[in-house]
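For clarity, every value in this text was computed on a predicted model and none was experimentally measured. Just so you know, ligand 1 is whichever comes first in the structure, and atom 1 is the first atom listed for that ligand.
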Amino acid sequence: MKTILAETSRVPFAKEVENIVMTTPVIDIHTHLYDPAFKQLLLWGIDDLLVYHYLVAESFRFLDIPYEQFWALSKPAQADLIWQALFLDHSPISEACRGVLTTLHALGLDVKRRDLPAVRKWFAEKTVEEYLDRCVELAGLEKIYMTNSPFDDVERPVWEKGLHRDDRFVAGLRIDPLLLSWSTTAPLLARWGYQVQAETAPQKTFDEVRRFLADWTRKIEARYLMVSLPADFEFPARNITSQLIEKAVLPHCREHGLPFALMPGVKRAVNPQLRLAGDGQGLTNLQALQNLCAGFPENKFMATVLARENQHELCVLARKFRNLHIFGCWWFTNIPHLVDEITRLRVELLGLSFTPQHSDARVLDQVIYKWQHSRRIIAQILVEKYSALAQTGWHATTPEIERDVRDLFGGAFERFCQM
Ligand code: FIX
Ligand code: ZN
């Protein structure tokens, strides 16, 4: 009898939670999108959706043409091949395929016609400005964090020239080349006027790296620094990566009050012929992150990890260190099955003090499906959790649920940044 009552009283309550989760504005804390001032760097539209590297990797499960032949094709021709292989020759049930259809459907296009030319025609009539507004609205975004690299030869000149910024876009300073390819990055820094030495690294070199970081932090108004790391990342270690982190990145972050985001678990170029689609993943030794959090309590760290097998350990680590904020179901973990599993782990171990998702969108339109799919899963989990509370007699009120969801969708992250 008790169970039946609980079940029936759950229905209106579930609708309310779902409604709050589906409509609360989101701060998307890691994307590869750009302020429209970066012109062609902001990707959008059906062809970019179809040549997304997630779909390139999936299409090569079916395609039998040589890789180079594929890369020599124009973008629309690549998109045609992917559409044929993944949407027409087989049903598009993978998460990345489904995402394209969720997006088109949300935009009001009739996907059942399977008419790619008609979809192209629809996009051809849009301008980036109106389309950006539409995507932001459909995804329910408040802010979009970019991934900004001073080492990108197309991006850097835009910053150097100066731009009129769209205040929905905020910057994150990406420093992979600095930490992971020092031997090629040091000469670049030297060319840009920083007195660094590639072979030996005296204190002057670290000071100059800090000057470089300070210049770019100011120029782009960076809100955090970030790096993706190989699965075998260790800290501390007797290598230049470790020294640069300890002697330049961490002091810089302390001085400017910025978090340092670590994204370990990538195996870059597992199949280089797939280019951007060729990266893999591996288990990381999270002892490195523990050493950072424990050794540098004045620093703030953010982390997301690629291996499913690291997720529980990461939650436990976040319980130990309040200078660690964990976020997102990254890349290969952004599939419904793992978003559900990882979010449950986090909620059950951390309550509401984490950021369950970021989109990692590379193409503007993707924010629509990535957020719609994630919001649905997060809603379902919260309905269950608030229902379980209700069984104890603790009924979360509407303002309390709204507060909680705001925290999950960027509030907790922003508080962490301001700490
Ligand atoms: O390193 C990263 O930030 C990754 O998210 C990307 O480089 C990756 O290619 C991606 O798009 C994952 O979603
Ligand atoms: Zn990313």
### Query
Using 4.0 Å as the upper bound for N to carboxylate O, is an ion pair formed by E125 and R120?
no
### Task
Look at E341 together with R344 and state whether they make a salt bridge at an N to O cut-off of under 4.0 Å.
no
### Ring-face cation of K126 near W122 (centre distance under 6.0 Å, axis angle within 45°)
yes
### Message
With heavy-atom distances below 4.5 Å as the criterion, would you say the side chains of V128 and K39 are in contact?
### Response
no
### Task
For the Zn ion (ligand 2), find the closest N/O/S atom belonging to H30 and write down its atom name.
NE2
### Message
Is the ring pair F151/F212 parallel, tilted or perpendicular, if the boundaries are 30 and 60 degrees?
### Response
tilted
#### Entry: Metal-centred angle, OD1 of D360 through the Zn ion (ligand 2) to NE2 of H32, rounded to 10 degrees
80°
### Task
Give the protein residues with at least one non-hydrogen atom closer than 4.0 Å to an atom of ligand 1, ordered by chain and number.
H30, H32, H53, Y54, R174, S228, M263, R268, W330, W331, D360, R362
### Distance (rounded to the nearest 0.5 Å) between T147 OG1 and D152 CG
11.0 Å
### Task
Could you check F327, F409, F413 and say which one makes a ring pair (Phe, Tyr, Trp, His ring centres under 6.0 Å) with H358?
F327
